[in-house]
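These notes concern the structure reproduced below.
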Amino acid sequence: MRLGVISDGISRDVRVAAETARAAGLSDIEFQYMWEYEVGDLPAARRREARALVEDNGLRVSCISRHIFARQTVHVERASNEYREQMDSLKRCIDFAHELGASTVRIMSCRRETILFGGGGAEQWVVANGAWDKLLKLLEAPLELAAREDVKLVIETGNGTMINSAYTMGRLIDELDADGRLLALWDPCNALYCGEPPCPDGAQALAGGKIGHVHIKDAVVRPQRATVNFCRLGEGDMAAHLQGIADFLRAENYAGSISLESTYRPDRGDFADGFRESMPLFARIFGAG
């Protein structure tokens, strides 16, 4: 396993993020927001600068992560301008991934429909009938583009999106049968919000090579209060699961990247301080040995 960080969790200044990642002993960096741009929107000069900073700091780009399809509902039509704009963004991200030598690009899975499956009358009253099948259709074009461009797509288990658990991600991979072109970006902390324990439930749902990338963070999650509070790694609801996740990934012979998602900001500090506070435990649990 290779350890990395999402760059803007340290700083949107890529130089600061890259130098901090190198100083922390990380091998990988993931790009999401860079300077004043969302990834995929950088002008040519900034793209060249980013590549130079990655190379100068001896880093590998693990994933290009844009929130593609995150704000769209599943009712969007493939012929619409809205959908075409998202596909254009995906193409720009893939082009940037090629420039940086990255093979993985993140997309999201449309805004969440809460109940996708059910019976005993639920299908009449509360199930979002047809939403799941529509999502499958909407993902056909991204997967065709990924095949042409020879990259892998990962979909994140995201709180506000259709795929909000490892279970739904595993089911999506099985039903799309994308020949390894689509994998999970497993964020087990996000999946706490829908009540899915990372171990054993989340791990079992993604066993057998379904994981293409991993995000690790910690939080105190209280869905009944509609509340999430981020915290130092090992001090929230993820504390009991971190070692089990690492053990599972090693048992799976997972050789991909794990990004520390530096979303914790301590009192009287910034996100870079949160990164430094969480980094020792992250390295100890997920690092070599």
Side-chain angles (χ1 to χ4, degrees), residues 6 30-34 37-42 47 61-113 116 128 130-187 190-191 205-206 209-215 256-257 259:
I6 306 174
E30 177 178 351
F31 287 134
Q32 181 173 248
Y33 291 94
M34 309 169 70
Y37 304 98
E38 187 172 7
V39 70
D41 293 343
L42 276 75
R47 295 199 306 271
V61 179
S62 60
C63 190
I64 298 299
S65 292
R66 187 180 174 105
H67 293 86
I68 297 166
F69 299 121
R71 299 175 184 87
Q72 282 64 48
T73 72
V74 77
H75 306 294
V76 69
E77 297 299 331
R78 288 179 57 168
S80 68
N81 289 334
E82 187 179 12
Y83 185 84
R84 287 198 295 267
E85 287 171 0
Q86 296 303 298
M87 289 298 298
D88 288 344
S89 295
L90 176 56
K91 181 60 167 65
R92 294 196 303 274
C93 286
I94 290 174
D95 290 344
F96 190 39
H98 287 322
E99 290 180 35
L100 295 172
S103 61
T104 302
V105 176
R106 181 192 73 183
I107 64 174
M108 306 299 279
S109 56
C110 295
R111 284 167 53 187
R112 184 177 177 187
E113 293 283 355
L116 299 176
W132 181 259
D133 291 338
K134 181 65 180 298
L135 177 62
L136 299 181
K137 288 291 186 182
L138 291 176
L139 291 174
E140 289 176 354
L143 287 169
E144 290 167 0
L145 177 60
R148 290 196 301 272
E149 296 286 342
D150 193 26
V151 297
K152 290 183 180 179
L153 298 183
V154 290
I155 290 180
E156 182 168 356
T157 52
N159 288 320
T161 61
M162 296 270 287
I163 300 301
N164 64 344
S165 66
Y167 172 82
T168 50
M169 187 67 230
R171 179 167 177 165
L172 186 75
I173 291 170
D174 289 341
E175 294 194 21
L176 281 171
D177 191 23
D179 295 324
R181 192 62 63 187
L182 177 69
L183 295 170
L185 196 170
W186 187 29
D187 188 321
N190 282 350
L206 296 176
K210 292 181 179 178
I211 299 173
H213 193 53
V214 179
H215 285 172
S257 187
S259 286

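Just the heavy atoms: all of them, side chains too, but no hydrogens, waters or symmetry mates, feed the values below.
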Next on the checklist: Heavy-atom count check: over 12 atoms from other residues, nucleotides or ligands less than 6.0 Å from Arg111 CZ?
Outcome noted: no
Next on the checklist: Using a 3.5 Å distance criterion without hydrogens, assess whether the side chain of Tyr167 forms a donor-acceptor pair with backbone atoms of Leu206.
Outcome noted: no
Checklist entry - Counting distance only, does the side-chain N/O of Asn190 pair as donor-acceptor with the main-chain N or O of Thr157 below 3.5 Å? => result yes
Checklist entry - Under the side chain to side chain donor-acceptor pair (under 3.5 Å) criterion, do Arg71 and Gln86 qualify, and how do the steps go? => result CA-CA 10 Å; Arg71 299 175 184 87; Gln86 296 303 298; over 6 Å; no
Next on the checklist: Between Asp150 and Arg181, does any side-chain N to carboxylate O distance fall below 4.0 Å?
Outcome noted: yes
Item to check | side chain to side chain donor-acceptor pair (under 3.5 Å) between Trp132 and Glu175, worked out | outcome: CA-CA 11 Å; Trp132 181 259; Glu175 294 194 21; 3.0 Å; yes
Checklist entry - Rounded to the nearest 0.5 Å, how far does CD1 of Ile107 lie from CD1 of Ile155? => result 4.5 Å
Item to check | Rounded distance [0.5 Å steps], CD1 in Ile68 versus CD in Glu85 | outcome: 12.5 Å
Checklist entry - Going by an N to O cut-off under 4.0 Å, is there a salt bridge joining Lys134 and Glu77? => result yes
Next on the checklist: So, taking the atom named CZ in Arg66 and the one named CZ in Phe96, what distance separates them when rounded to the nearest 0.5 Å?
Outcome noted: 11.5 Å
Next on the checklist: For the CG atom of Leu172 and the CG atom of Leu139, what is their distance to the nearest 0.5 Å?
Outcome noted: 6.0 Å
Next on the checklist: So Arg92 and Asp41, do their side chains get closer than 4.5 Å, heavy atoms only?
Outcome noted: yes
Next on the checklist: Holding to salt bridge (charged side-chain N to carboxylate O under 4.0 Å, His left out), I want the full list of residues that pass it with Glu82, two or more places apart in sequence or in another chain.
Outcome noted: none
Checklist outcome for this item: Rounding to 0.5 Å, atoms SG (Cys93) and CG (Asp88) come to a distance of 11.0 Å
Checklist entry - Can you tell me how far CD1 of Ile94 sits from CG of Leu145, rounded to the nearest 0.5 angstrom? => result 4.0 Å
Checklist entry - Hey, mind stepping through Glu30 and His215 against side chain to side chain donor-acceptor pair (under 3.5 Å) and telling me if it holds? => result CA-CA 10 Å; Glu30 177 178 351; His215 285 172; 2.9 Å; yes
Checklist entry - Does a side-chain N-to-carboxylate-O contact under 4.0 Å join Lys91 and Asp95? => result yes
